[in-house]
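For reference, the structure is listed below as structure tokens.
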Amino acid sequence: MNDEDGDADISVEEETAAESTEMQENVALSADPEGKDGEGPAVTSQESPEEFTDAKHESLFSLETNFLEEESRDNCSLKASQDPFLQHVNNELKEKEIQAVATNPKTTHQLKWPILGQLVFSSKFQKLETFKPPKDIYLKSLHLQKPLESTWTKTNSQFLSGPQKSSSPFTPLQKELFLIMNSYRDLFYPERTALKNGEEIRHVYCLHVINHVLKANARVLANNSRRRSQKLGVGDDDDFRDQGLTRPKVLIVVPFREAALRVVQLFISLLEGDSKKKIIVSNKKRFQGEYGSDPEERPPNLKRPEDYEAVFVGNIDDHFRIGVAILQRSIRLYAPFYSSDILIASPLGLRTIIGGEGEKKRDFDFLSSIELLIIDQADIYLMQNWEHVLHLMNHMNLLPLDSHGVDFSRVRMWNLNNWSKYYRQTLLFGALQDAQINSLFNKYCVNLQGQMAVRNVPTTGSISHVLVQLPHVFQKMEAGNLVSVIDARFNFFVNKILPQYRDAVMSHTLIYVPSYFDFVRLRNYFKKEELNFTQICEYTQKSGVSRARHFFLQGEKQFLLFTERFHFYKRYTIKGIRNLIFYELPTYPHFYSEICNMLKATSRGEEATWTCTVLYSKYDAQRLAAVVGVERAAQMLQSKKNVHLFITGEK
């Protein structure tokens, strides 16, 4: 298994070879990301072309040596009492409140909002005042930092139509999302899809990010000016506590370079707007080259579902990280991490710099003072490598091992007390309600303002999109607890399901396996039993895939073991299926109907003999509801019967 269970981040089989080199490059990659302000041993381009850091613009973007320009000084005396940013960072927790968190029960409230639907608010810190979305939302009341009030309307205009344009600068969905973001609560929104609302959501979180960074930096620069004008030693030093232990404040986790490109383009648009004055963006050309893509590279004749096209658009490299510094109206790309305000990275890009236990070169101090963490397209990380995301969460907001030249008299008390995690806002967007994503949100999000999770239940399941005439037999298996479910599934399959299919009459059987580890276990069992089978997984070479598809279609191999990740990355239509077994319900509900509809790719009059068998247990409630609908799922889980039959596609 060792050679095959490597990081499943590699999106294309050909890249598996790159995995070993990636780990060797590791040493080069994490070589002093700060590069002593970018001038020390920053990595040379020969060593690793992707790890370039900008050394030239250090003093220009330094927060220590810059001051607030006179003209913008007056707009900085924000109505401090109401500004949600200042309310949040100035909220001083007491020692006893922190101690009480361990014992406090979570208070939860159900809310219903017009667009988001069912919301669950939970908190260990505070009782919820009624939190209602306002009917109208005025830019003036949102405390947006200049120039966002004027630039936002233009940047967002593509989503606004007709009469709505004049009344509100937000779409109805953006309005409700921004209200939660601007209240600094944690948010989990599991209905973000690349096809429908992905860009709309990206726009609104980028607005929140820029607003946060501009306010935080303006506060530091204003205090620099105040300190300069005051005689040293006069006044209370505690007035100037305005920053964290390290400079990076925002971390945006995205799966592909294309997404990072779009985020940076939005930043530029939000700072520039339609003003005649172009803002300064350093290293822009290099960035376009490394994160952009050549439209001619894509094979033109591939027919893929539109949701696939929307996810895998542009540059889909999944190993990158970049620092961005913002000062008033200028952006510095490729800033050294410790001179950046915003970090944009993929889970793999972060994993190779955070390193693991016992590795010499590792660095995670730059995560110590993150105040805003955005994890976008969380469902894709389930298909890449979820371990990387958990590894990141375990290294968030720890006390730094090195001081990185910070002025401790300017550090906020809650950073010094190691309470940063209670002030960090996490925004989590994905396309599905999934147990692993839920657990990450519940375990790692402990913001003192509370957590908001959207929890709408699927009324109709994806089984309604199955177009072929097919009996679906759902078989329930018993499992004592969550740990034993893996073995219970395997034993149930081997003893109860497989014997029915061993007969040669049941040829053309595709076995769909979501987990790679289950796939390896089944493959080893099939080999040991000398069953006539072939296999396709995300690591199979192109020639191997063609061979397997050919043997399966011709009926020379009775079984085809098929992983969910391969389907996610390739979306090939497998021809020749007559019998389907879902070893476990798919992660993405629409994969269920997609795989079932593959049967019609080669129908030669044997439709009457087609079969589909699905294994499920009580721990699959969420996935089951997404396939059959919530009411049926509830009946199937509570029923005394262990076998349920659905028939689709009847005329």
Side-chain angles (χ1 to χ4, degrees), residues 8-9 11 188-198 201 254-256 259 304-313 316 318 347 375-386 389 428-441 454-467 472 474 510-519 536-538 562-574 577 580-599 612 614-616 619-630 633 648:
D9 311 83
S11 50
F188 173 34
Y189 181 73
E191 294 170 25
R192 177 227 185 274
T193 58
L195 264 179
K196 277 212 320 277
N197 54 17
I201 291 169
V254 285
F256 305 119
R304 293 282 179 272
E306 49 183 0
D307 67 297
Y308 176 91
E309 298 289 357
V311 169
F312 294 102
V313 65
I316 54 167
D318 62 358
I375 300 179
D376 198 5
Q377 293 174 273
D379 50 287
I380 293 182
Y381 312 133
L382 293 170
M383 297 290 135
Q384 289 182 343
N385 193 331
W386 189 247
V389 181
L428 184 56
F429 301 101
L432 22 111
Q433 295 268 9
D434 179 89
Q436 294 181 86
I437 302 176
N438 280 340
S439 115
L440 176 130
F441 187 72
V454 175
R455 296 257 185 261
N456 294 315
V457 290
T459 43
T460 58
S462 62
I463 196 167
S464 58
H465 300 293
V466 177
L467 307 173
H472 305 251
F474 284 78
L510 179 131
I511 304 171
Y512 179 94
V513 193
S515 156
Y516 182 73
F517 298 106
D518 287 338
F519 167 79
I536 297 179
C537 74
E538 57 273 29
F562 185 79
T563 63
E564 178 168 79
R565 272 206 186 109
F566 177 81
H567 184 64
F568 175 79
Y569 282 115
K570 289 298 184 201
R571 296 292 183 89
Y572 288 178
T573 299
I574 304 296
I577 310 172
L580 255 181
I581 302 175
F582 284 92
Y583 186 77
E584 187 183 353
L585 284 153
T587 309
Y588 286 93
H590 65 279
F591 283 4
Y592 185 84
S593 49
E594 258 177 38
I595 300 281
C596 289
N597 288 332
M598 282 183 190
L599 275 81
C612 173
V614 187
L615 278 64
Y616 74 98
Y619 298 108
D620 296 324
Q622 261 175 336
R623 291 184 180 189
L624 186 63
V627 169
V628 299
V630 70
T648 54

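The chain is numbered in sequence order, starting from 1.
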Value for CG (N197) from CZ (R192), rounded to nearest 0.5 Å, stands at 7.0 Å
Passes side-chain contact (heavy atoms from CB on, under 4.5 Å), M383 versus E538? Steps please.
CA-CA 10 Å; M383 297 290 135; E538 57 273 29; over 6 Å; no
Below 4.5 Å, heavy atoms only, C-beta onward: do P347 and N385 meet side chain to side chain?
no
CZ-CG distance between F441 and D434, expressed to the nearest 0.5 angstrom:
14.5 Å
Atom pair CG/CZ of L510 and F582 - distance to nearest 0.5 Å:
8.0 Å
Side chain of R623, backbone of L585: donor and acceptor closer than 3.5 Å?
yes
A side-chain contact here means heavy atoms from C-beta on lying under 4.5 Å apart; do L382 and L432 qualify?
yes
Determine, step by step, whether F519 and Y583 satisfy the side-chain contact (heavy atoms from CB on, under 4.5 Å) criterion, reporting the C-alpha distance in whole Å, the side-chain angles of both residues, the deciding distance to 0.1 Å, and the verdict.
CA-CA 9 Å; F519 167 79; Y583 186 77; over 6 Å; no
Donor + acceptor pair across side chains of E564, T587 (<3.5 Å):
yes
Heavy-atom closest pair, residues T193 and A431
CG2-CB, 4.5 Å
Which atom pair, heavy atoms only, marks the closest approach of L615 to D620?
O-OD2, 4.4 Å
Please lay out, stage by stage, how E191 and K196 fare under the test salt bridge (Lys or Arg N to Asp or Glu O under 4.0 Å).
CA-CA 9 Å; E191 294 170 25; K196 277 212 320 277; over 6 Å; no
State the CG-CD distance between D518 and E584, to the nearest 0.5 angstrom.
6.5 Å
Side chain to side chain, N438 and F188, heavy atoms closer than 4.5 Å:
yes
Where do Q377 and A259 come nearest, in terms of heavy atoms and distance?
OE1-CB, 4.2 Å
Is I536 close to T563 at the side-chain level, that is, under 4.5 Å between some pair of heavy atoms?
no
For the pair S462 (side chain) and P589 (backbone), establish whether a donor and an acceptor sit closer than 3.5 Å, ignoring hydrogens and angles.
yes
Could you check F474 against V628 for side-chain contact (heavy atoms from CB on, under 4.5 Å), going step by step and ending with a plain yes or no?
CA-CA 10 Å; F474 284 78; V628 299; 3.8 Å; yes
Work out which heavy atom in A625 is nearest to a heavy atom in P458; give both atom names and the distance.
O-CG, 3.7 Å
Return the CZ to CD distance between F256 and Q384, rounded to the nearest 0.5 Å.
5.0 Å
CG-CD distance between D379 and Q433, expressed to the nearest 0.5 angstrom:
12.0 Å
Heavy-atom distance under 4.5 Å between the side chains of Y592 and H472, does that happen here?
yes
With under 30° as parallel and over 60° as perpendicular, where do the rings of Y512 and F562 fit, or are they tilted in between?
tilted
Please enumerate all residues that pass ring pair (Phe, Tyr, Trp, His ring centres under 6.0 Å) together with F568, with sequence neighbours excluded.
F312, Y588
Does a side-chain heavy-atom distance below 4.5 Å link L440 with W386?
yes
